[in-house]
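Read the numbers this way: they start at 1 and go in the same order the structure lists the ligands and their atoms. None of the values given here were measured: they were computed from a predicted structure. Numbering of residues begins at 1 and proceeds along the displayed sequence. Note: hydrogens, waters and symmetry copies are ignored here, and every other heavy atom, side chains too, is used.
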Amino acid sequence: MIVVMNMGRSEAQRDAILQRLQTLGLRGQEISGVSRTVIAVLGNVFPELRDELSTMEGVDEVLRVSKPYKLANREVHMDDTVVELPYGVRVGDGHPVIIAGPCAVETEEQLWAAAKGIRAAGAHILRGGAFKPRTSPYSFQGLGVPGLKILKDAGDRLGLPVVTELMSVRDIDAVAQYSDVLQIGARNTQNFVLLEEAAKVGKPILLKRAIAGTIEEWLLAAEYILNAGNPNVILCERGIRTFETATRNTLDLNAIALVKRLSHLPVISDPSHGTGRWYLVRPMSMASIAVGADGLMIEVHPSPDHALSDGAQSLTPGNFAGLVREVGKLAEAIGRPLSPAPERIAS
Ligand code: PEP
Ligand code: MN
């Protein structure tokens with residue numbers, strides 16, 4: 001349920017509503033938009049509440065929210081959420097951003113070569129996993145904290161915000177210390193305790209769609225983060241598991257277009273995991289931008305043949321530069337030019 005307030009409502013009238021909700025064991029969250037201010041009613045709402053709130057002063061109308069996710073819902077929050085990062089990088093402002101870097105941080109040399117390459121090509125955010133969720137316990141698991149330091153150091157030197165995966169509450173302090181955005185991977189999308197703990201760190205969260213997760217489950221996962229008080233969520237479509245085995249996953253372009261409509265949160269696309277094949281990354285990047293993605297996450301490795309994870313879907317820095325040029329042209333052509341390059345000085 002949402003309470004739409006009069007344009008001229010007073011603070012006292014707003015407080016009276018919040019107070020009333022609290023007495024009923026509910027919570028109200030004010031959302032101020034360009035065109036209207038609403039109070040989202042959170043908790044176990046009962047039907048009679050609608051009439052009761054409608055008669056309160058300062059209230060324009062009280063509307064039911066049809067979906068189970070409330071704070072992530074565009075009916076509740078009409079304006080697009082823009083996530084602000086260091087170096088003036090903004091995600092969701094209508095100008096797509098590009099996140100790039102290796103699947104995993106392997107060595108200082110490897111990360112630095114990838115980072116320099118993606119910066120020169122025009123990427124906005126550097127990625128690299130230090131804690132890797134691998135299907136087999138015998139595969140490379142990531143460098144852990146030393147990997148985080150290598151990533152952050154490159155970000156500082158090049159003037160790029162960094163994003164890396166948080167796999168467990170165990171690593172939360174370290175990951176929070178060395179990253180600007182915490183990534184919750186597809187295997188943890190519905191790890192609700194992790195979502196709530198990560199939300200509390202206060203840094204933006206990049207939330208991947210689960211491997212076999214529905215759109216509603218994904219938005220409810222985002223709701224956990226928003227409900228824990230962190231409004232800065234970036235959604236990432238990374239492909240879902242279908243009957244098709246010719247590609248690693250099926251990148252769900254429907255989901256990008258639909259979630260832009262259902263939610264105000266920025267939605268980016270990860271065609272690297274979405275396809276599993278480096279030569280499909282460029283066409284699916286173009287398609288993602290064309291259907292409205294707010295950005296891309298692309299795996300780049302200086303030597304994909306030697307990568308310790310996801311080499312088959314990683315681009316060389318040269319191929320990545322080509323991708324940015326092509327995507328840049330497309331973005332211009334559809335009136336949503338790519339975001340400007342990050343500022344050199346940390347903001
Ligand atoms: C990754 O980004 O390297 C990753 C492991 O992604 P996902 O969680 O989408 O599989
Ligand atoms: Mn990967």
If we number the atoms of ligand 1 from 1 as shown, the ones under 4.0 Å from a heavy atom of Cys103 are 3 (O)

Any heavy atom of Arg209 closer to ligand 1 than 4.0 angstrom?
no

Any atoms of ligand 1 less than 4.0 Å from a non-hydrogen atom of Gln183? List them with their elements.
1 (C), 2 (O)

Donor-acceptor side-chain pairing of Asn319 and Arg282 below 3.5 angstrom
no

Tell me the protein heavy atom at minimum distance from atom 4 (C) of ligand 1, and give that distance in Å.
His273 NE2, 3.5 Å

Can you list the atoms of ligand 1 that are under 4.0 Å from a heavy atom of Arg187?
7 (P), 8 (O), 10 (O)

Mark up the atoms of ligand 1 that fall under 4.0 Å of a heavy atom belonging to Gly185, in ascending order.
8 (O)

Atom CZ of Arg27: over 12 foreign heavy atoms under 6.0 Å
yes

Between His301 and Glu106: side-chain donor-acceptor atoms closer than 3.5 Å
yes

Taking only heavy atoms of Arg238 into account, list the atoms of ligand 1 that are under 4.0 Å away from them.
7 (P), 9 (O), 10 (O)

Cys103 SG and Asp310 OD2 subtending at the Mn ion (ligand 2) (10° steps)
90°

Joint cluster assignment, Val62 & Phe46, ILVMFWY side-chain distance < 4.5 Å:
yes

With respect to the Mn ion (ligand 2), what is the nearest N, O or S atom of Glu299?
OE2

Path from Met167 to Leu195 over hydrophobic side-chain contacts below 4.5 Å:
yes

Heavy-atom contact check, 4.0 Å cutoff: does Gly129 meet ligand 1?
no

Between Leu296 and Ser288, the two heavy atoms sitting closest are CD2-CB, 3.9 Å

Count the heavy atoms belonging to other residues, nucleotides or ligands that lie under 6.0 Å from CD of Glu57, then report whether that count exceeds 12.
no

Using a strict threshold of under 4.0 Å (side-chain N to carboxylate O), is an ion pair present between Arg9 and Glu30?
yes

Backbone or side chain, does any N or O of Glu165 fall under 3.5 Å from an N or O of ligand 1?
no

I need the nearest protein heavy-atom contact for atom 6 (O) of ligand 1: residue, atom name and distance, please.
Lys208 NZ, 3.0 Å

Take a 6.0 Å sphere around CD of Glu244 and say whether it holds more than 12 heavy atoms from other residues, nucleotides or ligands.
yes

Applying the 4.5 Å side-chain criterion to the ILVMFWY set and letting contacts propagate, would Met1 and Val4 be lumped into a single cluster?
no

Ligand 1 and Asp310, any nitrogen or oxygen pair closer than 3.5 angstrom?
no

In the protein, what heavy atom is nearest to atom 2 (O) of ligand 1, and what distance, to one decimal place, separates them?
Arg127 NH1, 2.8 Å

Test your reading of the structure: does Lys132 have an N or O sitting under 3.5 Å from an N or O of ligand 1?
yes

Ligand 1 to Ala186 polar contact by distance, N or O atoms, under 3.5 Å
yes

